[in-house]
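Heavy-atom basis, side chains included; hydrogens, waters and symmetry copies ignored.
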Amino acid sequence: MSNEEKAIELITQAEKKVKSSQGFLGGLFGGTSKLEDATEMYISAGNMFKMAQKWSAAGKAFMEAAKLQINLQSKHEAGQRYVDAGNCFKKTDVEEAVRAFEMAINIYTDMGRFTMAAKHHITVAEMYESNAVDLEKAIFHYEQAAQYYRGEESTSSANKCLLKVATFSAQTEEYGKAIEIYEQVAADAIESSLLKYSAKEYFFKAALCQMCIDVVEAQRAVGKYCNMYPAFEDTRECKLLKNLLVAQEEQNAESFTEAVKEYDSISRIDQWLTTMLLRIKKGMNEEPDLT
């Protein structure tokens, strides 16, 4: 008998147990223990389906187990089963996986387990980031996770989520939102002797977002960042920003490109930076609207 066949047999037995637990007679003759038995059968079936790599069937079995555990007032266990279901569905159907993780999140928030809820919001955000590519939904779930982490005083975990929000907000041209986050996380970093050095990256990214909006505001922002964190002025990032700002003000695309090439020869420019720099350069090449 294959693992899949064993799982199907267990599901059939579980369904019979659930049926026999219902109604007046079921209540008289050990209804609760029958539901407990059925739950164990669904979990075993889920694991058998996993071994057979039948991910959708495994997810459904875990979902059934979770429903029964809710009936049995075993909330924590139900949450875990929804997570098991979500992990199985992840391999076949993003929306089903999201539904399962959201059921787990609802249980954990209801129980006041906010760190657990945050963790699963990140799982959902990552699915929207890579599998379904829906940045707005990814942003929503990273924001929720950050909110829960902040509530639990986990500032470092909250900031990691917020930096994801900033990255995607800039990509979707929500520059104001991105700037606000980069400035806040940089301000947090300056206060920590361990994290101080990372502030230069956040100020650099905030300034690039400013350049996408307005060159004068960007110049002011760079001055403000140097006041907030004097060490920033001597960084390669700040020197690049100053060169780019001059090129942007003079509408000199050639010197803009030269400054980027020089920086890239030492510090490789990633995809996000490339996108931002191309947008700034494109903005320089566009004729101003004089009407």
Side-chain angles (χ1 to χ4, degrees), residues 118-192 194-215 217-229 231-232 235-238 240-241 244-245 248 260 263 267-283:
K119 184 182 149 195
H120 298 307
H121 270 300
I122 291 171
T123 303
V124 173
E126 285 168 348
M127 283 193 284
Y128 280 128
E129 182 183 341
S130 52
N131 299 351
V133 193
D134 187 330
L135 294 187
E136 279 187 18
K137 286 181 180 171
I139 285 170
F140 170 79
H141 286 282
Y142 278 125
E143 283 179 326
Q144 287 294 113
Q147 194 181 320
Y148 289 146
Y149 278 133
R150 275 212 185 280
E152 298 295 294
E153 301 295 323
S154 300
T155 305
S156 162
S157 297
N159 283 349
K160 271 185 199 166
C161 296
L162 288 173
L163 287 170
K164 284 281 195 180
V165 173
T167 299
F168 298 142
S169 295
Q171 277 175 243
T172 54
E173 299 184 32
E174 294 276 340
Y175 299 120
K177 187 174 189 174
I179 291 162
E180 196 180 318
I181 292 169
Y182 284 131
E183 288 184 350
Q184 179 56 56
V185 177
D188 285 350
I190 293 166
E191 297 301 311
S192 159
L194 283 174
L195 301 173
K196 197 176 279 187
Y197 188 70
S198 63
K200 68 168 187 174
E201 180 196 337
Y202 311 137
F203 282 140
F204 178 46
K205 289 182 171 178
L208 289 175
C209 290
Q210 293 277 16
M211 288 177 75
C212 289
I213 305 170
D214 180 78
V215 63
E217 277 305 311
Q219 287 166 339
R220 278 198 202 120
V222 171
K224 180 177 86 170
Y225 302 155
C226 291
N227 284 337
M228 285 173 73
Y229 182 43
F232 182 55
T235 64
R236 296 188 64 253
E237 287 76 10
C238 188
L240 171 63
L241 284 170
L244 295 180
L245 283 164
Q248 190 182 22
V260 172
Y263 179 86
S267 308
R268 293 301 296 165
I269 288 176
D270 65 19
Q271 186 58 55
W272 186 90
L273 287 177
T274 302
T275 302
M276 293 300 125
L277 291 165
L278 285 171
R279 283 182 191 171
I280 296 163
K281 191 178 174 187
K282 184 172 179 282

Measure the NE2-CD1 distance between H120 and I122 for me, rounded to the nearest 0.5 Å.
10.0 Å
For the residue pair E183 and M228, establish whether any side-chain heavy-atom pair is separated by less than 4.5 Å.
no
Are any of the side-chain heavy atoms of M276 and C212 separated by less than 4.5 Å?
yes
Would you say the side chains of Y263 and E237 form a donor-acceptor pair under 3.5 Å?
yes
Return yes if some donor-acceptor pair links the side-chain N/O of T123 with the main-chain N/O of K119 below 3.5 Å, else return no.
yes
Rounded distance [0.5 Å steps], CG in L241 versus CD in Q219:
11.0 Å
With heavy-atom distances below 4.5 Å as the criterion, would you say the side chains of L208 and R279 are in contact?
no
With rounding to the nearest 0.5 angstrom, report the CG to OH distance, D188 to Y202.
10.0 Å
From Y197 atom OH to Y229 atom OH, the distance as rounded to the nearest 0.5 Å:
8.0 Å
Before you tell me yes or no, could you show the steps for I213 and I179 under side chain to side chain contact (heavy atoms under 4.5 Å, CB included), namely the whole-Å CA-CA distance, both residues' side-chain angles and the distance that decides it to 0.1 Å?
CA-CA 11 Å; I213 305 170; I179 291 162; 3.8 Å; yes
Using every non-hydrogen atom in the two residues, find where L273 and I269 come nearest and quote the distance to one decimal.
CB-CG2, 3.5 Å
Taking the side chain as every heavy atom from C-beta outward, state whether Y182 and T167 have any pair of such atoms under 4.5 Å apart.
yes
Enter the distance from E173:CD to C209:SG here, rounded to the nearest 0.5 Å.
11.0 Å
Please round to the nearest 0.5 Å and tell me the distance separating atom CG of N227 and atom OH of Y225.
12.0 Å
Of all heavy-atom pairs between A146 and C161, which one has the smallest distance, and what is that distance?
CB-CB, 3.9 Å
So, E217 and R220, do they make that salt bridge, N to O below 4.0 Å?
yes
Greater than 12 external heavy atoms within 6.0 Å of Q171's CD
yes
For the backbone of A189 and the side chain of S192, can you confirm whether one donor and one acceptor N or O come within less than 3.5 Å of each other?
no
Considering non-hydrogen atoms only, spot the tightest contact between V165 and I181 and give its length.
CG1-CD1, 3.5 Å
Is there side-chain contact between I280 and L244, with at least one heavy-atom pair below 4.5 Å?
no
Hey, are the side chains of I190 and F203 touching, using non-hydrogen atoms and a 4.5 Å cut-off?
yes
Do T155 and R150 have side chains that approach each other closer than 4.5 Å (heavy atoms only, starting at C-beta)?
yes
Chi angles and distances behind the side chain to side chain contact (heavy atoms under 4.5 Å, CB included) call for E129, Y142
CA-CA 10 Å; E129 182 183 341; Y142 278 125; 2.7 Å; yes
Taking the side chain as every heavy atom from C-beta outward, state whether E180 and K177 have any pair of such atoms under 4.5 Å apart.
no
Using modelled atom types and a 3.5 Å cut-off, is there a donor and acceptor pairing between side-chain atoms of Q144 and backbone atoms of H121?
no
Sequence-distant partners of E174, side chain to side chain donor-acceptor pair (under 3.5 Å), two or more places apart
none
Partner residues of E201 under the side chain to side chain contact (heavy atoms under 4.5 Å, CB included) criterion, sequence neighbours left out:
K205
Does V222 form a side chain to side chain contact (heavy atoms under 4.5 Å, CB included) with Q210? I'd like the steps, not just the answer.
CA-CA 9 Å; V222 171; Q210 293 277 16; over 6 Å; no
Is it true that the side chains of Y128 and E136 contain a donor and an acceptor less than 3.5 Å apart?
no
Shortest non-hydrogen contact between A170 and Y175, atoms and distance:
O-CE2, 3.5 Å
